[in-house]
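Proteins get letters first, then strands, A, B, ... in listed order; numbering begins at 1 in each.
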Amino acid sequence: KPSPTSEANPSPGASPGGAAGSGKDFKFGMVTDVGGINDKSFNQSAWEALQKLGKDTGANVKYLQSKSDADFVPNLNQFVKGKYNLTWGIGFIIEKALKQVAQQNPDAKLAIVDNVVDLPNVTSVTFAEQEGSFLVGVIAGLMTKTNKIGFVGGMDIPVIKRFEAGFRAGIKAANPQAQLITNYTGTFDKPDLGKSAAATLYNGGADIIFPSAGATGSGVFNEAKDRSKAGKKVWVIGVDKDQSVEFGTDITLTSMIKRVDEAVYKICNDMIAGNFKGGQVTNLGLKDNGVGIADNSNINVPEDVLKKVEEYKAKIISGEIKVPDK
Amino acid sequence: MSTNVPVVELLGITKRFPGIVANDAISLKLHKGEILALLGENGAGKSTLMNILFGLYQPDEGEIQMNGKPVIIDSPNTAISLGIGMVHQHFKLVQPFTVTENIVLGMEPRKGMNIDYQAATRKVKELSEQYGLSIDPNARIADISVGMQQRVEIVKTLFRGADILIFDEPTAVLTPQEIEELMAILRKLVAEGKSIILITHKLKEIMQIADTVTIIRRGKVIDTVKKTETNTQHLAEQMVGRKVSFQVDKKPSQPKLPVLEVRGLHCHGPRGEEALNGITFGVRAGEILGIAGVDGNGQSELIEVLTGLRKSYRGDVAINSTNVTNWSPRKITESGLAHIPEDRHKRGLVLDFSVSENLVLETYFYPQFNKNGLLSYDAIDRHAEKLIERYDIRTPSIHSVIRSLSGGNQQKVIIAREIERNPELLIAAQPTRGLDVGAIEFVHRQLIEQRDKGKAVLLISFELDEIRNVSDRIAVIYEGQIVGEVMPHETTDQELGLMMAGSKESKEGGDKHGSTH
Amino acid sequence: MEFLNLLGQTINITLVFSTALILAGLGGVFSERSGVINIGLEGIMIAGAFGAAVFSYYAEDAGMGELSPYIGLLAAILLGVIFAWIHAIASIRFKANQVVSGVVINFLALGMTVYLVKLLFEGSGQSPTLQFAFTKLTIPGVTDIPFIGTVLHAYPTTYLAIILVFIAYYVLYRTPFGLRLRAVGEHPSAADTVGVQVLRTRYIGVLLSGVLAGLGGATITLTTTSMFSHNTISGQGFIAIAAMIFGKWHPVGVFGAACFFGLSQALKDLLQMYGLSNWIPSEFIYMLPYLFTVLVLIGAVSRAYPPAALGEPYDPGKR
Amino acid sequence: MGRLIKVTSGNTVLVPLIAILLGLLTGAVVMLIGGYNPIVAYAALLERVFGNIYDFGETIRQITPLILTGLSVAFAFRTGLFNIGAEGQFILGMTGATLIGDQVSLPAYIHLPLAIIVGALLGGFWGAIAGWLKAKRGVNEVISTIMLNWIALYLGNYIVKAFLLEPGMQDSRIIKSTAILSVDWLTNLFDGARVHWGILIALLAAYAFYLILWKTKQGFELRAVGLNPYAAEYAGMNVGRNIMKAMFIGGVFAGLAGAFEILGVFHYQSIASAFPGYGLDGIAVSLLGMNSPLGVVLAACLFGVLTYGSAGMSFAADVPPELIRVVIGAIIFFIAAQAIVRLIIAPFYAKRNKAQGGS
Ligand SMILES: Nc1ncnc2c1ncn2[C@@H]1O[C@H](COP(=O)(O)OP(=O)(O)OP(=O)(O)O)[C@@H](O)[C@H]1O
Ligand SMILES: Nc1ncnc2c1ncn2[C@@H]1O[C@H](COP(=O)(O)OP(=O)(O)OP(=O)(O)O)[C@@H](O)[C@H]1O
Ligand SMILES: [Mg+2]
Ligand SMILES: [Mg+2]
């Protein structure tokens with residue numbers, strides 16, 4: 001594979017040391033989708049990683065929020081034309097824009113999260129969300145009392161379908177009796193719709209809901225909080241980050257973690273160290289610790305269930321179980 | 001009859017609007033128990049002056065005195081508290097409200113936080129009985145006749161304790177019966193000690209009821225005379241500044257073939273009621289048929305059906321023997337009909353279009369104005385210039401928006417437009433409403449000219465004088481039917497009035513819609 | 001039994017969805033009944049949602065606990081009134097085109113609130129999640145009754161909205177103020193000539209719309225989203241306008257229309273619940289509330305007529 | 001000529017200019033309150049727009065749809081209708097263009113015009129539905145267009161998902177090159193910015209707006225119906241049909257905007273959860289431009305410059321870009337409430353008149 005070497009990027013000062021603290025000459029840019037850096041999801045994770053990087057290495061980090069899809073290209077170009085060392089495009093939907101910019105600027109280096117752009121100057125990071133979802137599916141399947149489990153999706157699109165497919169498979173593996181009810185709200189940024197979807201699902205008998213819907217998902221937490229205040233015990237499974245931090249462990253059963261932050265941090269740090277690899281797709285699954293369940297899951301999930309989860313995890317890593325992604 | 005100190009005295013009132021002095025140092029006196037008539041052409045400044053007295057406008061110069069003391073009337077509220085009430089040229093009534101609600105608005109009797117509707121209704125009834133103004137307190141304004149609306153306006157001022165009443169063209173929209181009733185009411189009010197200022201273009205009314213007449217021309221007082229010391233001819237000349245003839249001079253008509261034939265026509269009105277009830281009549285070439293009748297007996301619906309604006313469900317209409325029943329307005333006009341609508345602002349004009357655009361409102365698509373979908377504004381402008389000249393339309397320019405013209409000139413635009421189309425049949429509905437004597441003379445002459453050219457003219461009017469002066473033949477409409485036909489010179493006002501009231505029964509003054517079914 | 005339960009839950013969710021629309025729609029009624037078009041309901045709701053989220057957050061911060069959302073409501077009223085006041089100044093005092101002025105409110109409200117949120121919360125595009133948002137009222141004894149309990153297990157704001165429907169009706173149709181407000185919207189010069197202060201009455205109408213639409217916005221942050229961001233209100237203000245027109249500018253009509261919208265939103269979730277999404281593409285399910293509305297409008301027999309003087313600045317000198 | 005002088009002289013130019021100034025001033029005050037430096041911020045805004053040819057090109061790209069949706073709303077206003085539905089008409093324009101761009105194989109000289117026309121017609125059709133509802137069923141167009149917007153959003157999504165989806169993606173396949181409106185040399189001229197012929201067509205559309213309304217027989221009818229439907233009916237015009245035509249033509253403008261976004265900018269259509277926003281912005285543009293075609297073009301330029309530049313403002317001066325909505329809102333406010341502006345400029349006038357009188 002023709003991998004462009006560092007001579008294309010005239011910043012040799014960084015290569016010798018490669019250690020933290022030597023990134024002062026580096027500039028990292030990040031373009032969010034319309035969700036912005038407080039989406040409690042991948043944009044936020046990625047931006048937190050960049051901020052940490054800035055603190056750790058002294059690198060210059062900056063982000064641009066897109067106000068509409070039409071902003072993707074000019075925003076990416078703002079960094080590219082500003083000679084940023086690496087420009088991130090965060091989110092599935094930015095793919096075509098990033099591809100276009102990468103093609104037009106073969107000397108620039110770009111990276112994308114959640115989607116693949118197959119170009120020598122782009123590195124792509126994707127996650128096997130279905131694998132992590134499988135594990136929380138197991139937990140849900142084993143812990144449901146009503147044998148009804150809910151899934152609230154943002155938009156009906158392939159990434160979210162991966163979550164649903166893995167979750168469904170996990171439930172089925174652990175508890176074939178349990179029924180999965182899904183509700184797609186059609187948006188990633190409307191907590192009110194998430195809340196009403198959750199209300200309907202809980203009313204319909206579900207006692208655990210796994211939202212994969214960005215900010216819409218926080219509506220699911222709000223509904224659960226309402227119900228638990230009224231004395232009805234229901235659970236939510238967090239997504240992307242450990243959401244018990246924000247919504248508390250009394251309603252957050254566990255969370256399916258997606259380590260966007262680690263991936264972003266690592267790739268930037270690699271670049272400072274002089275080994276950026278373009279044209280590469282990093283698919284992070286259970287075995288790379290790219291996805292998984294929250295560390296504090298033991299608060300609400302009993303020991304024996306967690307043991308089952310570990311068993312399934314091992315089987316997935318070994319390839320014995322192949323988790324469907326559709 | 002009058003004491004020495006006037007109840008109201010205006011001293012040198014001047015009011016300027018951009019480009020015009022509407023009132024130029026006007027002074028006048030109103031004494032207690034007196035009816036003062038204000039007379040003047042359209043746009044002479046009468047309404048403006050009265051609006052100043054009522055606090056709607058502020059004068060630029062001059063002073064108002066009441067009972068000898070200067071007062072400042074800065075709002076209608078002040079006027080009301082000084083005992084001034086005004087019945088406006090265009091009624092100030094809230095259509096969806098009831099009569100009572102309109103009367104008490106702004107001075108609602110209360111019970112706790114609520115409006116005390118019982119007390120309100122009681123008070124309204126009392127007042128209407130005291131002054132003999134028959135009104136139905138619970139009817140909605142939108143459902144009652146214009147005459148009753150006017151009585152509501154009068155009760156409204158009385159409810160506020162007005163001693164000085166201003167009437168701005170109260171009779172322009174009334175039927176003869178209603179005018180008679182109003183005159184009686186005015187006398188009664190004066191007898192109760194009220195003082196009245198009356199604006200009207202109808203000299204007959206002035207001679208009938210006024211004590212004093214003040215004549216205004218172009219914002220200036222021309223003269224103030226006692227009624228007993230003048231006559232209509234003199235008043236008209238002073239007002240217009242030239243000789244006016246009241247008697248329409250016309251040759252006897254020579255009717256030829258029928259142009260319009262209406263047979264057994266039925267239709268529904270806006271509220272679904274039976275508005276036309278099998279009406280049948282015809283108009284011949286070379287004659288003017290006048291349709292007399294009390295407002296609300298199907299006149300509006302008749303015109304709408306004839307012009308294609310309303311559908312009929314039975315009966316038919318033929319123009320020159322072609323059945324045009326329920327054709328579209330465009331097809332009907334193209335088959336030879338022209339129409340001066342009764343509501344010129346609603347139907348007749350696009351007020352924000354220019355004069356020249358309004359003059360081609362029905363003919364813009366003719367080949368001389370329209371080439372392959374593109375309009376020739378040159379041709380349209382030339383057309384406008386020609387008509388302005390021919391019909392003496394007073395406008396600053398053919399490009400002025402028609403909204404800025406006076407009512408009389410707006411009406412001239414419509415007449416010019418309709419007559420220029422050289423129709424076989426001309427329908428004129430209330431063509432002189434609100435116009436001054438000069439403008440009325442013009443309109444009547446145009447109608448007669450059409451007749452003399454061999455056209456058929458259908459005149460629909462509430463003004464008996466107009467009907468009798470202009471028509472060659474009179475048909476009386478009552479409850480959607482023609483109840484009789486007479487010749488103008490063979491009948492009397494009394495006979496017509498009886499026919500208009502439907503047979504020999506005496507007419508119930510009031511809500512005819514409520515009593516239709 | 002099962003059916004009754006489902007019905008109860010559906011009514012309950014319908015009411016939850018309708019609350020903000022009822023409040024904002026009532027706001028629209030007061031403004032438009034006085035003759036002032038209020039396309040700015042959306043902006044006023046944004047301002048209210050912002051005020052509620054931010055002020056109850058600070059109230060929480062100050063340790064006011066369960067009281068915080070009520071502080072939020074007050075703040076929402078205040079902010080709603082401020083933006084309504086801008087609309088009033090422009091369209092009543094300065095006789096600006098009312099549609100234009102409403103659009104201005106929408107622009108200013110969204111720009112200002114998001115700007116302020118970013119300023120207050122260190123660049124974050126949204127306010128922090130509230131800990132003490134409103135929860136549904138649990139009335140001892142009542143909440144456990146099968147059907148009725150389910151229906152009545154609602155947020156305080158829902159109760160507030162329903163009470164306000166009656167109050168609005170009472171004010172508009174029973175009090176002198178209501179009569180004058182409606183008169184001013186139908187025929188301002190008639191009202192003027194009987195001494196009603198046209199401009200002042202219109203000011204009050206528009207400011208009341210600020211109070212109510214502000215409350216409507218607050219409802220959304222304080223009961224469902226628990227935070228404010230740039231799209232917390234995205235279109236509800238326009239739906240409220242639709243509800244107001246659909247409800248023929250009448251408080252009870254607005255209530256009915258808002259519930260209709262709420263119901264079709266609730267149906268959207270229910271249909272998915274019962275697996276209809278396997279048969280119908282989800283897009284058509286999302287479309288449902290709007291399609292439903294259009295169909296009902298097509299079938300509607302009687303037309304609604306707006307207040308006669310709606311949209312016309314009052315100028316006593318103009319005839 | 002005389003008309004041109006009338007339009008460009010006196011208050012008609014002065015008032016908007018002062019309104020813009022006051023709007024920017026309002027923004028500056030808000031920035032000062034927030035602790036930002038307005039001069040730096042506005043400089044960054046201008047720098048972003050005019051600083052290099054690329055961003056200038058992208059600003060043109062931003063302006064193009066605003067002109068067209070602005071015309072869409074303005075056209076309806078001129079005919080007495082309030083079109084809140086440009087958003088939905090825009091989406092249908094996008095969908096039509098994508099459908100033709102993806103599903104049809106034709107030589108470029110047919111394919112591209114066909115895609116544009118189908119987009120425009122679908123937008124027009126969507127507008128005409130609201131017109132039909134109003135004309136035949138008396139449905140208030142404000143409600144119906146709001147509802148139709150949402151229906152369009154989901155209909156567009158459905159069509160993309162059902163017929164055009166790129167497997168595994170959230171958007172359609174890239175349209176065929178024969179339907180692409182982007183012009184390589186133009187793009188190169190602008191250093192890669194997505195400038196396309198749409199801007200030219202948008203300007204032509206503004207001219208067509210003028211011609212249709214003020215030069216044609218059809219426009220005469222449309223204006224008459226808009227100003228007084230009763231008189232129009234009296235004069236034999238078909239009010240219902242004219243309402244439908246007006247909404248159709250307005251929809252065509254918005255549909256064109258949508259089609260150009262696909263054919264000239266994106267080349268694909270995404271499944272969207274929210275509106276593109278050009279329709280609602282079109283209301284502001286139309287009002288800012290006082291519903292006249294020239295005004296709309298100028299307003300779209302101002303609007304486009306400010307919104308595109310706001311990203312630079314936030315990048316270089318950290319000012320939240322939302323501030324620019326405050327500025328735009330304030331500008332429209334001052335234009336709408338001209339009395340305020342006149343109040344402010346009155347003293348200057350008085351002084352000048354006095355000076356003239358004295359000399
Ligand atoms: N609001 C106004 N703005 C500008 N000019 C006005 C206004 N009102 C009246 N005028 C001017 O004042 C003059 C007098 O108008 P006014 O309405 O008082 O006439 P009038 O005597 O009542 O006429 P008519 O008999 O037709 O009712 C008009 O010629 C007109 O130019
Ligand atoms: N808005 C206005 N601005 C300027 N002048 C006006 C305005 N409205 C009316 N006028 C002027 O006022 C004068 C009288 O107008 P008015 O409407 O009273 O006429 P009119 O003959 O009384 O008509 P009508 O009584 O049928 O309405 C006219 O000369 C007209 O030019
Ligand atoms: Mg008058
Ligand atoms: Mg008059």
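Under a cut-off of 6.0 angstrom, the local environment of CD1 in I139(C) is crowded, with over 12 non-hydrogen atoms contributed by other residues, nucleotides or ligands. Within 6.0 Å of NZ in K55(A) there are 12 or fewer heavy atoms belonging to other residues, nucleotides or ligands. Counting heavy-atom neighbours within 6.0 Å of F55(C) CZ, excluding the residue itself, gives a total of 12 or less.
Proximity to chain C (any heavy atom under 4.5 Å) is shown, for L201(A), by both the backbone and the side chain. Residue contact with chain A, scored on non-hydrogen atoms closer than 4.5 Å, is absent for S229(C). Interface remark: T150(C) contributes no atoms to any contact with chain A (heavy atom separation under 4.5 Å). F17(C) touches chain A through its side chain: at least one heavy atom from C-beta onward sits under 4.5 Å away, while N, CA, C and O do not. Interface residue N183(A): backbone and side-chain heavy atoms are both found under 4.5 Å from chain C. With a 4.5 angstrom heavy-atom cutoff, D192(A) touches chain C via backbone and side-chain atoms both. Interface residue S282(C): only side-chain heavy atoms are found under 4.5 Å from chain A. Within the 4.5 angstrom heavy-atom criterion, no atom of Q44(A) approaches chain C. Proximity to chain C (any heavy atom under 4.5 Å) is restricted, for T185(A), to the backbone atoms N, CA, C and O.
No side-chain N or O of N43(A) forms a donor-acceptor pair with one of Y63(A) less than 3.5 Å apart. No side-chain donor-acceptor contact under 3.5 Å links N60(A) and Y84(A). Counted by atom type alone, T146(A) and D207(A) present one or more donor-acceptor pairs between their side chains at under 3.5 Å.
Looking at F163(A) and Q130(A), their side chains never come closer than 4.5 Å, going by heavy atoms from C-beta outward.
Of the listed residues K190(A), K225(A), E223(A), K229(A), the one with more heavy-atom pairs under 4.5 angstrom with chain C than any other is K190(A). The most heavy-atom pairs under 4.5 Å with chain A, out of I13(C), L270(C), I285(C), N231(C), come from N231(C). Interface check for chain A: of the options L130(C), T225(C), L271(C), the most heavy-atom pairs under 4.5 Å are formed by T225(C). The most heavy-atom pairs under 4.5 Å with chain C, out of G231(A), A230(A), S196(A), G219(A), come from S196(A). Your options are S226(C), A266(C), G125(C), and the one with the most heavy-atom pairs under 4.5 Å with chain A is S226(C).
Using non-hydrogen atoms only and a strict 4.5 Å limit, the part of residues 245-257 of chain A facing chain C consists of E246(A), F247(A).
Screening T157(C), T14(C), T158(C) for a side chain to side chain donor-acceptor pair (under 3.5 Å) involving T19(C) leaves a single residue, T158(C).
Ring geometry, F260(C) versus F292(C): the interplanar angle falls under 30°, so the pair is classed parallel (tilted spans 30 to 60°).
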Side chain to side chain donor-acceptor pair (under 3.5 Å) between Y184(A) and E164(A): does it pass, once the steps are laid out? CA-CA 11 Å; Y184(A) 279 85; E164(A) 186 197 329; 2.6 Å; yes
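Side-chain N or O atoms of T57(A) include none that pairs as donor or acceptor with a backbone N or O of G54(A) at under 3.5 Å.
Rounding to the nearest 0.5 angstrom, the gap separating the CZ atom in F238(C) from the CG atom in L41(C) is 9.0 Å.
Every residue two or more places apart in sequence or in another chain was checked for a side chain to side chain donor-acceptor pair (under 3.5 Å) with K233(A), and none qualifies.
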